[in-house]
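First comes the structure, then the notes that go with it.
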Amino acid sequence: MAAQSTEIARRRTFAIISHPDAGKTTLTEKLLLFAGAIQIAGSVKARKASRHATSDWMEIEKQRGISVASSVMQMEYRDCVVNLLDTPGHQDFSEDTYRVLTAVDAALMVIDAAKGVEAQTLRLIEVCRARNTPILTFINKMDREVKSPLELMEEVERVLNMDVVPFTWPVGMGRHFGGVIDLTKDSMRVFTPGEDRRSEDDEILQGLMNPEAVKRFGSEHAQAMDEIGLIREASPPFDGAAFLDAKQSPLFFGSAVNNFGVREVLDALVDLAPPPAPRATLTRVVKPEEPAFSGVCFKIQANMDPAHRDRIAFLRVVSGRFERGMKLRVCRTGKDIRPGTVVTFLSQRRELLDEAWAGDIIGIPNHGTLRLGDTLTEGENLQFTGLPYFAPETFQTVEIKDPMKSKQLRTGLQQLGEEGAIQVFRPIAGGSLLLGAVGTLQFEVVLHRLKSEYNVDARLEMSRYRLARWVTCDDQNMLKKFIDANAHRIAHDVVDAPAFLATHVSELEVSKERYPSVQFHALREHAGHVFSSAM
């Protein structure tokens with residue numbers, strides 16, 4: 001038990017969140033760099049002399065320069081085991097981000113200093129606050145002409161409705177960016193641009209009024225001193241309890257692309273972010289220090305290694321100790337498995353692991369045995385909660401160019417649907433498969449992956465449907481009557497849950513009036529058909 005307590009206390013599991021183009025994936029790279037997990041930022045393998053981010057492994061991500069799938073990376077820093085999850089910033093992939101946020105204990109929010117708080121950032125913060133996830137804030141790109149730090153600080157507090165406590169403060173910006181002052185140590189780290197490699201010899205000037213800093217940075221230093229005087233009078237002191245309740249956020253400034261201000265963030269994550277917390281199931285709360293293993297599958301990713309047609313279930317260890325080869329119960333099916341090739345990640349690089357503890361993220365290769373939301377235990381029947389599907393907002397029908405590839409199409413869509421990349425609906429009256437998505441970019445990704453991973457050329461056409469609602473009813477006979485009467489509007493999703501499809505909201509309202517005992521849901525949890533948010 002002593003060893004288990006020590007291992008749990010060492011874990012830090014957090015996600016990086018931001019609006020697109022705020023520099024989130026770059027910061028992910030630099031955190032890995034400063035932790036010693038990689039030696040050159042942006043480099044896992046060279047590709048025609050161009051480097052791609054470690055956390056962007058999918059070919060379409062390399063082509064477009066965006067993250068469309070969450071990545072998982074584990075590293076050790078200062079005797080802590082850090083599980084870092086990089087999430088898509090684009091709103092079209094918000095479901096994937098939401099699922100990742102259910103698996104972490106803290107979040108690092110990245111804000112573009114020129115643009116401030118953007119729409120997607122606000123949406124993600126709402127998700128974090130709903131779960132009381134502690135948030136650290138990193139204001140990026142201070143080496144550019146940006147908003148003033150006081151303006152940015154006020155905007156974060158006003159828009160996010162959260163107190164922020166500066167831990168570092170910038171001296172100048174853009175061409176006159178001199179560095180950041182560490183307010184906890186009364187020292188200044190001097191800015192040096194354009195470094196790809198780890199620097200162990202950054203210049204540190206001790207003392208807020210260090211004569212060398214006053215001389216070298218002149219008016220920028222004087223302005224920073226004035227601003228620091230203001231924030232020390234106006235800002236509350238850092239309150240650890242308020243931070244853990246997601247009511248206060250430590251604030252950092254820097255330039256991730258230049259490796260600057262990253263070390264302070266990494267130290268704060270280790271010092272401030274909480275170790276693994278208890279997690280709720282339908283029947284009880286599971287504590288991380290419990291001896292029996294339990295874990296929840298929050299992500300499925302197919303074809304991380306296209307050469308092996310693999311399929312990885314990402315599992316958050318909730319309690320106990322995982323040992324390779326141990327017998328685990330899949331609570332949804334009641335069947336036992338003995339995973340023998342369990343892996344840990346540095347993006348697409350993976351290593352076999354022998355053990356894992358609460359807070360760790362592990363990957364279990366499988367061939368459809370595990371689904372999103374599955375709970376694994378040593379025998380107890382549990383179901384962790386909180387991993388939803390959202391009702392799609394856009395629909396398209398999928399047609400295949402070569403009828404001989406229909407089997408590959410169904411296999412591909414089944415796997416991509418189970419992974420959560422797209423929602424796949426099979427109309428019970430027959431006809432083409434229907435794809436549903438939160439955002440249109442998901443369709444582009446699916447077509448690309450069908451071609452590159454399953455060798456299927458497909459085309460999509462707009463569907464007449466505009467909304468979907470999963471349907472349930474306490475009276476199963478009434479539910480069957482409703483489905484039979486509306487067969488032309490009913491489709492089953494990837495877990496065979498029935499959904500009502502409508503071309504206009506008025507059709508939904510009419511059906512609600514005609515069948516008052518039937519419930520229409522905009523949200524479905526992944527496992528066990530647990531529904532909420534009836535609409």
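When a residue number appears, it is its place in the shown sequence, counting from 1. Keep in mind the model is a prediction, meaning the values are calculated, not measured. Only this structure's heavy atoms are used, side chains among them; waters, hydrogens and symmetry mates stay out.
- For the pair F252/I139, no side-chain contact is recorded, criterion being any heavy-atom separation below 4.5 Å from C-beta on.
- T369 is not listed as a side-chain neighbour of I364, based on a closest heavy-atom distance of 4.5 Å or more.
- Within the structure, salt bridge (Lys or Arg N to Asp or Glu O under 4.0 Å) contacts touching residues 426-436 (residues at least two apart or in different chains) are R426-D496.
- Taking 4.0 Å as the cut-off between side-chain N and carboxylate O, R316 and D105 count as a salt-bridged pair.
- Without hydrogens or angle criteria, R12 side chain to A273 main chain gives a donor-acceptor distance under 3.5 Å.
- When each of R469, R489, R466 is tested with L508 by the rule side chain to side chain contact (heavy atoms under 4.5 Å, CB included), just one qualifies, namely R469.
- Applying the salt bridge (Lys or Arg N to Asp or Glu O under 4.0 Å) test to residues at least two apart or on different chains, the pairs with a partner in residues 380-393 are R284-E380.
- Side-chain atoms of T397 and S463 include no donor-acceptor pair closer than 3.5 Å.
- To the nearest 0.5 Å, the span separating CG on D457 from CD on Q408 amounts to 11.5 Å.
- The main-chain N or O of N455 is found under 3.5 Å from a side-chain atom of K405 such that the two form a donor-acceptor pair.
- Under the 3.5 Å distance criterion, the side-chain polar atoms of N140 are left unmatched by any main-chain donor or acceptor of V110.
- Dense packing is recorded around CZ of R459, with more than 12 heavy atoms of other residues, nucleotides or ligands lying under 6.0 Å away.
- Here the side chain of Q383 pairs a donor or acceptor atom with the backbone of G373 at under 3.5 angstrom.
- Other residues, nucleotides and ligands contribute at most 12 non-hydrogen atoms within 6.0 Å of the CE atom of M404.
- Counting only distance, with no hydrogens or angles, the side chain of S432 and the backbone of E399 share no donor-acceptor pair below 3.5 Å.
- Here CZ of F500 is found 10.5 Å from NZ of K512. Values are rounded to the nearest 0.5 Å.
- Partner of I361 under the side chain to side chain contact (heavy atoms under 4.5 Å, CB included) criterion, chosen from T344, L315, V100, L85: L85.
- To the nearest 0.5 Å, the span separating CG on N366 from OG1 on T341 amounts to 9.5 Å.
- Ring to ring, F482 and F520 are close: their centroids are under 6.0 angstrom apart.
- With sequence neighbours left out, T385 forms a side-chain hydrogen bond (donor to acceptor under 3.5 Å, both in side chains) with no residue at all.
- In this structure, P339 and L376 have side chains that are not in contact, with every pair of non-hydrogen atoms separated by 4.5 Å or more.
- In terms of modelled atom types and a separation under 3.5 Å, the side chain of Q423 and the main chain of D493 share no donor-acceptor contact.
- A 4.5 Å side-chain heavy-atom check between I111 and F138 finds every atom pair outside the cut-off.
- Without hydrogens or angle criteria, T26 side chain to V257 main chain gives no donor-acceptor distance under 3.5 Å.
- Dense packing is recorded around NZ of K147, with more than 12 heavy atoms of other residues, nucleotides or ligands lying under 6.0 Å away.
- Atom CG of N486 is separated from atom NE2 of H488 by 6.0 Å, given to the nearest 0.5 angstrom.
- Using the six-membered ring where Trp is involved, F395 and F425 have ring planes that are tilted, between 30° and 60° apart.
- In this structure, the side chains of F384 and T102 stay at 4.5 Å or more apart for every pair of heavy atoms.
- Paired with L479 under the rule side chain to side chain contact (heavy atoms under 4.5 Å, CB included), one option of D474, T472, V471, D484 passes, and it is V471.
- Between D336 and R329 the shortest side-chain heavy-atom distance falls below 4.5 Å.
- In this structure the side chain of D360 reaches within 4.5 angstrom of the side chain of R11, judged on heavy atoms.
- Between T333 and D374, every side-chain heavy-atom pair lies at or beyond the 4.5 Å cut-off.
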